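Let me begin by presenting the structure, written as structure tokens, before commenting on it.
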2 protein chains.
Amino acid sequence: MFSNTAKYAIKACLFLAVNSSEVNKLVIKDIAEPINVPSAYIAKILQALSKKDIISSTRGPKGGFYLTGDQLQTKVMQIIEAVDGEERLNSCLLSLEKCNSDNPCSLHHLVFDEKNKINERLKKTTLEDLRQHIMRGESILPL
Amino acid sequence: MFSNTAKYAIKACLFLAVNSSEVNKLVIKDIAEPINVPSAYIAKILQALSKKDIISSTRGPKGGFYLTGDQLQTKVMQIIEAVDGEERLNSCLLSLEKCNSDNPCSLHHLVFDEKNKINERLKKTTLEDLRQHIMRGESILPL
DNA sequence: GATATTTTATGATAAAAATCATATTTAAGA
DNA sequence: TCTTAAATATGATTTTTATCATAAAATATC
Ligand code: FES
Ligand code: FES
């Protein structure tokens, strides 16, 4: 459903949401290890997220990655789009093109409503929402 | 969501469901062109489907691919699994492992019910179902 | 200002997925 | 039985995705 890159990006953001702050920055190694992603790889992903202002970073000693209050309001969908591009989640199940309700493919009716519901949730749910969910012990951050 | 290979496989099976029969076999070129898939590629996919008995084939002159009555009862999910393997649709959204409701990841609650509903439908819906849907003009076979 | 520590920019390599190519086998029909 | 039309087996190539590596730039602290 998502690319590895997208999964890793979400895990990293979530880890930052739970464990970092403006005064508690995290260095690459301290992110890569707990979320179990090769550190050179997550480094590249973090760079991209930082460039798109989804996460914050400062370099040099005492530097690292963190989220601002604003960035806790980032929607999950924005993270996915930042690394995977927009198309992936809207593509039709049978063609490589956009899904189209006016000219539905043969599988369209089997999935459209549910896919839509999922997409709506991904567009609405913020990192802060997920953070609270985790804090309440209702879900985990898998390795 | 699906690999190109899976999309192509479903399109090809559907095309056979609508246009072929034991007495009206179709040759690779007559499948590849209308569904708009490179013929060397679809050939390879058809070979795999044939080996798994999801479609039928005979070689030599007057040969080609077709579906038997039994094969019209193939479930969409079986086609996907035949070419992509079983894991893809059950993998957790955040880890690369199996989705697990006892230890739900942070995105689990956003998608589980819907993903399940979709999977159930893919497991239940047959090529014959889809064929009728197309015949009734309720959906199309995209190129 | 020199040094150490961090991100950033860039690109190389590896693995997987998609695509292309072709020689071999099978079966029909002349 | 020969020729021809088809699938089948096999493998090569290309493209995309995932992963690894490193030199350059920035900043805190001494
Ligand atoms: S048109 Fe194919 S999934 Fe909507
Ligand atoms: S545990 Fe991650 S999607 Fe179910």
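Chain naming here is simple, since letters A, B, ... match the order of the sequence lines and numbering starts at 1 in each. Note that the coordinates shown come from a computational prediction; the quantities given were computed from them, not determined experimentally.
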Rounded to the nearest Å, what distance is computed from the NZ atom of residue B:K44 to the C1' atom of nucleotide C:dC20? 9 Å
Distance in Å, B:I31 CD1 paired with B:Y8 OH, rounded so as to fall on 0.5 Å steps: 15.5 Å
For A:L16 and C:dT7, what is the distance between atoms CG and P respectively, to the nearest whole Å? 11 Å
Nearest whole Å is fine: how far is C:dA21 P from B:Q47 CD? 16 Å
Closest-nucleotide ordering on DNA chain D, the 5'-leading residue of A:P61 and A:V37: A:V37
Rounded off to whole Å, could you give me the NZ-to-P distance for the B:K62 and C:dA30 pair? 10 Å
The reported gap from CG in A:L49 to CG in A:L67 (rounded to nearest 0.5 angstrom) is 10.0 Å
What does A:I55 touch in the nucleic acid at a heavy-atom separation under 4.0 angstrom: a base, only the sugar-phosphate, or nothing? nothing
Rounded to the nearest Å, what distance is computed from the CG atom of residue A:N4 to the C1' atom of nucleotide C:dA16? 11 Å
Describe the nucleic acid contact of B:K51 in one word from base, sugar-phosphate, nothing, applying a heavy-atom distance below 4.0 Å. sugar-phosphate
Donor-acceptor under 3.5 Å (B:K75 side chain, B:L127 main chain): no
Between A:T58 and A:S39, the residue closer to the 5' end of DNA chain D by nearest nucleotide is A:S39
Side chain of B:R59 (C-beta onward), nearest among C:dT26, C:dT19, C:dT6: C:dT26
Boundaries of the chain B footprint along DNA chain D (any atom under 4.0 Å from a heavy atom): D:dT4 to D:dA12
Give the intermediate values and the outcome of side-chain contact (heavy atoms from CB on, under 4.5 Å) for residues B:C99 and B:N90. CA-CA 6 Å; B:C99 169; B:N90 289 52; 5.8 Å; no
Specify the closest pair of heavy atoms between B:H109 and A:L130, including all atoms of both residues, with the distance to one decimal. CE1-CD2, 4.1 Å
Could you give the OH-to-P distance, from A:Y41 to C:dA14, as a whole number of Å? 17 Å
For B:K7 and C:dA17, give me the distance from atom NZ to atom P, rounded to whole Å. 15 Å
From the candidates C:dT8, C:dC20, C:dA4, the one with an atom nearest any side-chain atom of A:F65 is C:dT8
Here's one to test your reading of the geometry: is the NZ or CZ of B:K7 within 45 degrees of the ring axis of B:F2 and under 6.0 Å from its centre? no
Quick one: does any side-chain atom of A:K11 pair with a main-chain N or O of A:I35 as donor and acceptor, under 3.5 Å? yes
Please report the distance, rounded to the nearest Å, between CG in A:N24 and P in C:dT6. 13 Å
Within the pair B:T5 and C:dA18, is there a side-chain N or O less than 4.0 Å away from OP1 or OP2? yes
